[in-house]
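Sequential numbering from 1 along the given sequence is applied to the chain's residues. Computed from heavy atoms alone, side chains included, the values below leave out hydrogens, waters and symmetry copies.
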Amino acid sequence: MSWAFLRDLLSGVNKYSTGIGRIWVAVVFMFRLLVYVAAAENIWKYEHDEFECNVKQPGCENVCFDHFFPVSHIRLWALQLIVVSTPSLLVVFHVAYRESREKHHNQKLYRNPGKIDGGLLCTYLVSLILKTGLEIVFLVLFYQLYNGFKIPRLVKCDIQPCPNTVDCFISKPTEKMIFLYFLVATSCLCIVLNLSELSYLVFKYSIKCYLKRYTKKQQ
């Protein structure tokens, strides 16, 4: 899978982000995307082939694997990376709309089309809320699908066509567990960064509005 489009998206968003937003971009790019491409993808690459049960009944291993891993960890991680980065497109599109509007009217309508104020501020806040919500949704999804953030060494399966309760062994459970914890930790860090940036922007522009009203009253 080519991740160039996601890299370009994050680079574009970085131009219009606050300081906290740039930290979020760095975390997503360095600690999530690069780790996924460089290491995690290879660890789960042959997870189905390396899933073994102590019975050779045709179809038993397949149904057991599908039962315990309805969605591959690594594919769900890839989907999470794409989905939580998508709300940032709202900011990019809004800036592009401002620039297109200036070009259409052939005059300067904004001091800086990429400055976070007015309608762009609302768009930015919505993108932060969406990113935070999606991160939480995926964490809950991981927890529900796999009965917690853990990867057991051994699972017992009694699903047809298995003749009885069989033992199935998962390959490299410790290594996978480390990356799973890393995934959860980086997701939590991104949630904290998004909430911090949201609070910062709301506080900053609340103070700005208050000072503007206060100045008008004094005048």
Item to check | disulfide (SG to SG under 2.5 Å) between Cys168 and Cys53, intermediate numbers included | outcome: CA-CA 4 Å; Cys168 296; Cys53 297; 2.0 Å; yes
Honestly curious: do [X] and [Y] fall in one hydrophobic cluster under the side-chain, below-4.5 Å linking rule?
| X | Y | result |
| --- | --- | --- |
| Leu141 | Leu134 | yes |
| Phe149 | Val155 | yes |
| Val28 | Ile129 | yes |
| Tyr46 | Phe65 | no |
| Val192 | Ile20 | no |

Quick one: [atom1] on [X] to [atom2] on [Y], what's the gap to the nearest 0.5 Å?
| X | Y | atom1 | atom2 | value |
| --- | --- | --- | --- | --- |
| Asn164 | Lys156 | CG | NZ | 10.5 Å |
| Ile74 | Leu180 | CD1 | CG | 10.5 Å |
| Tyr143 | Lys150 | OH | NZ | 6.5 Å |
| Lys176 | Ile151 | NZ | CD1 | 6.5 Å |
| Leu139 | Cys188 | CG | SG | 5.5 Å |
| Leu195 | Thr132 | CG | OG1 | 4.5 Å |

Item to check | For Cys190, disulfide bond (SG atoms under 2.5 Å apart) partners two or more places apart | outcome: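 Scan of Cys190 (disulfide bond (SG atoms under 2.5 Å apart), adjacent residues dropped) gives none.
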Sub-4.5 Å side-chain heavy-atom contact between [X] and [Y]:
| X | Y | value |
| --- | --- | --- |
| Leu76 | Leu145 | yes |
| Val35 | Trp77 | yes |
| Leu90 | Leu130 | yes |

Take atom [atom1] in [X]; do more than 12 heavy atoms of anything else shown fall under 6.0 Å from it?
| X | atom1 | answer |
| --- | --- | --- |
| Tyr97 | OH | no |
| Phe51 | CZ | yes |
| Tyr205 | OH | yes |

Checklist entry - What residue pairs, at least two apart or across chains, pass side-chain hydrogen bond (donor to acceptor under 3.5 Å, both in side chains) with a residue in residues 54-70? => result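 Sorted pair list: His48-Asn62.
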Checklist entry - What residues form a side chain to side chain donor-acceptor pair (under 3.5 Å) with Ser196, not counting sequence neighbours? => result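 Ser196 satisfies side chain to side chain donor-acceptor pair (under 3.5 Å) with no other residue.
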Checklist entry - Mind checking what makes side chain to side chain donor-acceptor pair (under 3.5 Å) contact with Arg153, not counting sequence neighbours? => result Thr174
Checklist entry - Does Tyr146 have its ring centroid less than 6.0 Å away from the ring centroid of His73? => result yes
Between [X] and [Y], what is the shortest heavy-atom contact and its length?
| X | Y | result |
| --- | --- | --- |
| Leu81 | Arg32 | CD2-CB, 3.6 Å |
| Ile170 | Pro152 | CD1-O, 3.2 Å |
| Leu183 | Gln80 | CD2-OE1, 4.0 Å |
| Val91 | Thr123 | N-CG2, 4.0 Å |
| Phe31 | Thr186 | O-CG2, 4.0 Å |
| Leu193 | Trp24 | CD1-CA, 3.8 Å |

Item to check | pair check: Cys157 + Cys64, SG-SG < 2.5 Å | outcome: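 In this structure, Cys157 and Cys64 share a disulfide.
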Checklist entry - Is it true that a side-chain atom of Ser127 and a backbone atom of Tyr124 form a donor plus acceptor pair closer than 3.5 Å? => result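 Yes, because the side chain of Ser127 sits within donor-acceptor range (under 3.5 Å) of the backbone of Tyr124.
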Item to check | Side-chain donor or acceptor of Ser85 paired with backbone N/O of Ile82 under 3.5 Å | outcome: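 No.
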Checklist entry - Stepwise, does the side chain to side chain contact (heavy atoms under 4.5 Å, CB included) test hold for Phe138 with Val83? => result CA-CA 10 Å; Phe138 272 96; Val83 171; 3.8 Å; yes
Item to check | For Lys172, salt bridge (charged side-chain N to carboxylate O under 4.0 Å, His left out) partners two or more places apart | outcome: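 Scan of Lys172 (salt bridge (charged side-chain N to carboxylate O under 4.0 Å, His left out), adjacent residues dropped) gives Glu50.
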Checklist entry - What pairs with Phe182 under ring-ring contact (aromatic ring centres under 6.0 Å, His included), at least two apart in sequence or on another chain? => result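 If we apply the ring-ring contact (aromatic ring centres under 6.0 Å, His included) test to Phe182, skipping adjacent residues, there are no hits.
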